[in-house]
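Have a look at the structure below before the remarks.
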Amino acid sequence: MNEQTHQKLMEIKRSFRLLMSGPTSQSMRDKGIEYKINWGVPFVELKKMATEYGKDYDLAIELWKENIRECKILATLIMPAEQMLPEIADLWMEQVAGQEMAEMLAFNLLQYVDYAPVIAYQWIASDKPLYEIAGYHILARLFAAKREANERGINEFLDQAAIALQGNHMGVKHAAANCVMRFADMDESYDTIAQKALKGILF
């Protein structure tokens, strides 16, 4: 790590103390959201910090290495999407320990990478809940941006969504249901396809 990146990292970690929210941090712990350190800093404050620092690959890499909630979220916000290689995406996803971070990684960063559809389809078929949640969130954002799937992609998505919606994991079910709604919102033909495929399951 170069000196400039090290200084920024130290500065960021110090600033979390000023922004910390004890009640938020405690509430997360009560819900089973565990990090080595969790300052409970609100997401809106982290977004402001990300704007101040701008996109910074080296800093994002170092921030992600810290087992601190705020560092990891900030890493997802300042990593330039065009520099986020697939192998780094795989490594970061392997290190995701909870649903909040799976969602942050998908929303803040992975929906913008060139290979977003590829990893999204892989992950929803992975049978690993956190991967599935991230995959459905990526697809939901792509559908919301009117990034339409091809016929094979549509069939694969609806098959996996049907399995997820009939499963027992609430986080996966919620992510899949939200994704189906974004798919159906693209236009009437997609709505019809979704209703037909998921009749009696979601509709």
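What you see below is based on every heavy atom in this structure, not just the backbone, and it leaves out hydrogens, waters and symmetry mates.
You'll find the side chain of Pro86 stays beyond 4.5 Å of the side chain of Ile119, heavy atoms only. For the pair Lys72/Leu63, no side-chain contact is recorded, criterion being any heavy-atom separation below 4.5 Å from C-beta on. Contact annotation: the side chain of Lys8 approaches that of Asp56 to within less than 4.5 Å [non-hydrogen atoms, C-beta and beyond]. For the pair Tyr131/Glu94, a side-chain contact is recorded, criterion being any heavy-atom separation below 4.5 Å from C-beta on. Taking the side chain as every heavy atom from C-beta outward, Ile73 and Met101 approach each other to under 4.5 Å.
By the 4.0 Å N-to-carboxylate-O rule, Arg14 lies too far from Glu11 to be salt-bridged with it.
More than 12 heavy atoms of other residues, nucleotides or ligands sit less than 6.0 Å from atom NE2 of His169. Atom CD of Gln7 is surrounded by more than 12 heavy atoms from other residues, nucleotides or ligands within 6.0 Å. More than 12 non-hydrogen atoms from other residues, nucleotides or ligands lie less than 6.0 angstrom from CD of Glu3.
When all heavy atoms are compared, the tightest approach of Leu59 to Leu9 is CD1-N, 4.0 Å. Ala120 approaches Gly135 most closely through the heavy-atom pair CB-O, 3.7 Å. Considering all non-hydrogen atoms of both residues, Ala102 and Ala134 come closest at O-CB, 3.9 Å. In plain terms, the two heavy atoms of Ser15 and Ile12 that are nearest each other are OG-O, 2.6 Å. Nearest approach of Ala164 to Lys173, heavy atoms of both residues: O-CG, 3.2 Å. When all heavy atoms are compared, the tightest approach of Gln160 to Ile124 is OE1-O, 3.4 Å.
Under the 4.5 Å side-chain heavy-atom criterion for ILVMFWY residues, a single connected hydrophobic cluster contains both Phe143 and Leu165. Tracing side-chain contacts under 4.5 Å through hydrophobic residues (I, L, V, M, F, W, Y), one never reaches Val44 starting from Leu109; they form parts of separate clusters.
Taking the six-membered ring where tryptophan is involved, the planes of Phe157 and Phe183 are tilted, since the angle between them lies from 30° to 60°.
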Determine, stepwise, if the pair Trp64 / Met79 fulfils side chain to side chain contact (heavy atoms under 4.5 Å, CB included).
CA-CA 10 Å; Trp64 185 266; Met79 171 62 87; over 6 Å; no

Could you walk me through whether Lys13 and Cys71 pass the side chain to side chain contact (heavy atoms under 4.5 Å, CB included) check?
CA-CA 8 Å; Lys13 286 165 77 173; Cys71 284; 4.0 Å; yes

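Distance check: Trp39 CH2 to Arg69 CZ gives 12.5 Å after rounding to the nearest 0.5 Å. To the nearest 0.5 Å, the span separating CG on Leu85 from CG on Leu91 amounts to 11.5 Å. Taken to the nearest 0.5 Å, the CD atom of Glu100 stands 12.0 Å off from the CG atom of Leu130.
Annotation: side-chain hydrogen bond (donor to acceptor under 3.5 Å, both in side chains) contacts involving residues 185-198, sequence neighbours excluded, comprise Glu148-Tyr190, Arg182-Asp185, Asp187-Ser189, Asp191-Gln195. Counting only residues at least two apart or in different chains, side-chain hydrogen bond (donor to acceptor under 3.5 Å, both in side chains) contacts with residues 105-127 comprise Thr76-Asn108.
Between the Lys55 side chain and the Ile78 main chain, no donor and acceptor come within less than 3.5 Å of each other. Between the side chain of Tyr136 and the main chain of Ala161, a donor-acceptor pair closer than 3.5 Å is present. No donor-acceptor pair under 3.5 Å is formed between the side chain of Glu62 and the backbone N or O of His6.
Judged by a 6.0 Å distance limit and a 45° cone about the ring axis, Lys199 is not positioned over the six-membered ring of Phe203.
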